[in-house]
Amino acid sequence: KQFLLAKELFYRVRRIKGMDTTKTIDGEIFGLPIDGIIDAYIGTEDPIEVFRSYDTIIDIFTMINNPIHSADKSETETFNALPDRVKIYRGVYGEYLDDLNMGTSWTLKESTGKFFGRRFKELAENVYLMQGVIDKKDILFYTNQRKEHEIIVDPSKIKNFRWEYV
């Protein structure tokens, strides 16, 4: 269900590129429910398989225009308590780092970043922990539904980027 919703969203986004997409109507984007779009993102292991590109993810969550689109009070409190500049982490594995490793899903927790880098260590010799700083206003979405303190960001907005082997 989540895959079909996101796939339909992808096609609708691509069909109307160039139109004014800065507004949502009654909790929907392109006629699809925002809650369903968020569930499709959270419910998939690899959002690129569903949303097809980082640009689509960034476009959609920019249109949602609400980084704490949640009824969960603790998520709202956590997000509101963040400083203006937020340290973020992303764990990855592979032979080398490139732009594809930057991704849109990051975490507020260093330990979570390390976990994601190491979880498939047998697939690649190198495991990296990427770190950076992002302005709170540039966080597109925050959720802790999977206990990962996940944020969605446009990687081009990350400052003070560095990485280390883990």
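Note that the numbering runs from 1 along the sequence shown for the chain.
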How long is the span from the [atom1] atom in [X] to the [atom2] atom in [Y], to the nearest 0.5 Å?
X	Y	atom1	atom2	result
Thr104	Glu150	OG1	CD	8.0 Å
Ile34	Asn65	CD1	CG	9.5 Å
Gln145	Ile38	CD	CD1	8.5 Å
Leu140	His69	CG	NE2	14.5 Å
Leu108	Tyr142	CG	OH	6.0 Å
Ile88	Asp138	CD1	CG	10.0 Å

Working note: Asn160 + Arg85, criterion side-chain contact (heavy atoms from CB on, under 4.5 Å); need CA distance, chi angles, decisive distance, verdict.
CA-CA 11 Å; Asn160 303 331; Arg85 293 178 52 93; 3.3 Å; yes

Same cluster or not: Val166 versus Tyr93, using hydrophobic residues (I, L, V, M, F, W, Y) connected whenever any side-chain heavy atoms lie under 4.5 Å apart?
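Yes, Val166 connects to Tyr93 through the hydrophobic network.
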
Consider only side-chain heavy atoms of I, L, V, M, F, W and Y, link residues closer than 4.5 Å, and tell whether Phe161 and Val86 are in one cluster.
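Yes, it is one cluster - the side chains of Phe161 and Val86 are joined through contacts under 4.5 Å.
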
Would you please indicate if the ring centroids of Tyr128 and Tyr165 are separated by under 6.0 Å?
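Tyr128 vs Tyr165: aromatic centres under 6.0 Å.
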
Test Trp163 against Val92 for side-chain contact (heavy atoms from CB on, under 4.5 Å), laying out the working first.
CA-CA 10 Å; Trp163 62 271; Val92 297; over 6 Å; no

So do [Y] and [X] actually touch side chain to side chain, heavy atoms under 4.5 Å?
X	Y	result
Ser53	Ile58	no
Met130	Ile158	no
Lys157	Asp135	no
Pro155	Tyr54	no
Ile64	Phe141	no

Exam field: side chain [X] to backbone [Y], donor-acceptor pair closer than 3.5 Å:
X	Y	answer
Lys136	Asn80	yes
Arg146	Ile42	yes
Thr107	Tyr89	no
Thr78	Ser74	yes
Asp154	Ser156	yes

Looking only at the side chains, is there a donor atom on one of Glu164 and Gln131 sitting less than 3.5 Å from an acceptor on the other?
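Indeed, the side chains of Glu164 and Gln131 share at least one donor-acceptor pair under 3.5 Å.
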
Check step by step if side-chain contact (heavy atoms from CB on, under 4.5 Å) holds for Ile152 and Ile57.
CA-CA 9 Å; Ile152 298 174; Ile57 293 168; 3.9 Å; yes

Between Glu148 and Arg119, does any side-chain N to carboxylate O distance fall below 4.0 Å?
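Salt bridge: no.
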
Parallel, tilted or perpendicular: which one describes the rings of Tyr41 and Phe61, with boundaries at 30° and 60°?
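It falls in the perpendicular class, over 60°.
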
